[in-house]
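If you're wondering where the values come from, they're calculated on a predicted model, not measured in any experiment. Atom set for the values below is all heavy atoms of this structure, side chains included, hydrogens, waters and symmetry mates excluded. Naming convention: chains lettered A, B, ... in sequence-line order (proteins, then strands); numbering from 1 in each chain.
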Number of protein chains: 2
Amino acid sequence: MFDLDVRSRKPIYEQLVEKIKELIINDLLKKDEQLPSVRVLAQQLTINPNTIQKAYRELEVQGYIYSIKGKGNFVSETTSTIHSEKRVKIEDELTRLISEALYLGMTGDELCGIVREIEQR
Amino acid sequence: MFDLDVRSRKPIYEQLVEKIKELIINDLLKKDEQLPSVRVLAQQLTINPNTIQKAYRELEVQGYIYSIKGKGNFVSETTSTIHSEKRVKIEDELTRLISEALYLGMTGDELCGIVREIEQR
DNA sequence: CTAACTGTACTATTATTATTAATACAGTTG
DNA sequence: CAACTGTATTAATAATAATAGTACAGTTAG
């Protein structure tokens, strides 16, 4: 289900959070869909249930999922707020990166060329 | 000279490496210019000399500086190789980010708009 | 030559943090 | 009731960044 990099600087639980977020944002995990239980997913990924728990907890805090004791963790309604937050984050990152690229001598034309190319895939 | 985030996930020495790299790439540190000694810089930044040493060592390995025992560390000639390596890295990052943005529903026009805006600053 | 600066090397210690491990308790459901 | 869910807690482990302290070697100005 996921591929994690245990030797990344980014902790496993954060990697999990990001991956699951992506799935939710891109609607690959539908509203009210049940996520694997902490124990099952831990076994699948051969990591500790506590690590999964930590990721799920974080996702809950951020509003991506909700959990019901005894039943499981479920995808919550992906609000437009979440989408726009995500967009803002990407725009920030993009701005930083584009600035750097321009600073290194890349041209606006060049950068837009890259955009168009990716757009057509 | 530098502002470091001691509580970042990225280690201090890596932050240093990146900052100095930027200065070199953007020619704010000229060829053969002497860098602050490990002890002096350590005192300025109130961190341990060993941490500076580690950063300088890394910069030397990557070819950004050279060091002469007893004299100091100096900026080496910034080869076009280094520049192109940097560009490749930025392109990779950019590709990833643009893909994500498009996936979230941003349009190519929109992205190019951002590029043009930054370009005119 | 010597003092005061440079880089370099090495070991030990501290601090932080992610992860694991092991339990325990609580709610749900067939 | 058994077997699944989530949740909580504490302790141990592992990895690593950073510090501390010291030592040695080369350079240079006085």
Whole-Å distance, Gln53(B) CD to dG7(C) P, equals 8 Å
DNA chain D: first to last nucleotide in contact with chain B (atom under 4.0 angstrom from a heavy atom), 5' to 3', is dA17(D) to dT28(D)
Are any side-chain N or O atoms of Glu91(A) and backbone N or O atoms of Val88(A), one a donor and one an acceptor, separated by less than 3.5 Å?
no
(Q) Checking the side chain of Glu33(B) only, and the main-chain atoms of Lys30(B) only, is there a donor and an acceptor separated by less than 3.5 Å? (A) yes
Lys69(A) NZ to dT28(C) P, in whole Å, measures 9 Å
From CG of Leu45(A) across to P of dT19(C) the rounded distance in Å is 12 Å
- Under 3.5 Å donor-acceptor, Ser67(B) side chain and Asn73(B) backbone: no
- Is any side-chain N of the basic residue among Glu93(B) and Lys89(B) closer than 4.0 Å to the acidic one's carboxylate O? no
Review point. So does Arg116(A) pair up with Glu119(A), basic N to acidic O under 4.0 Å?
Key: yes
Paired with Tyr13(B), the side-chain contact (heavy atoms from CB on, under 4.5 Å) test is passed by just one of Glu18(B), Gln53(B), Lys54(B), namely Lys54(B)
Check: Does a side chain donor of either Gln34(A) or Lys71(A) reach within less than 3.5 Å of an acceptor in the other side chain?
Finding: no
Item checked: Beyond-backbone contact of Thr51(B) with Leu45(B), side-chain heavy atoms, under 4.5 angstrom -> no
Rounded to the nearest 0.5 Å, the OG1 atom of Thr107(B) sits from the CG atom of Leu102(B) at a distance of 8.0 Å
The helix from dC1(C)-dG30(D) to dG30(C)-dC1(D): angle between terminal helix axes, five bp per end, to the nearest 10 degrees, reads 10°
Note: for Val6(B) and Arg39(A) on DNA chain D, the residue whose nearest nucleotide lies more 5' is Arg39(A)
- Query: Side chain of Gln15(B), backbone of Asp5(B): donor and acceptor closer than 3.5 Å?
  - Reply: yes
If you restrict it to nitrogen or oxygen atoms, what contacts under 3.5 Å exist between nucleotides 10-18 of chain C and the protein, and what is each distance?
none

Please determine whether the number of non-hydrogen atoms from other residues, nucleotides or ligands lying under 6.0 Å from atom CD of Glu110(A) exceeds 12. yes
In whole angstroms, the gap separating P of dT28(C) from CZ of Phe74(A) amounts to 11 Å
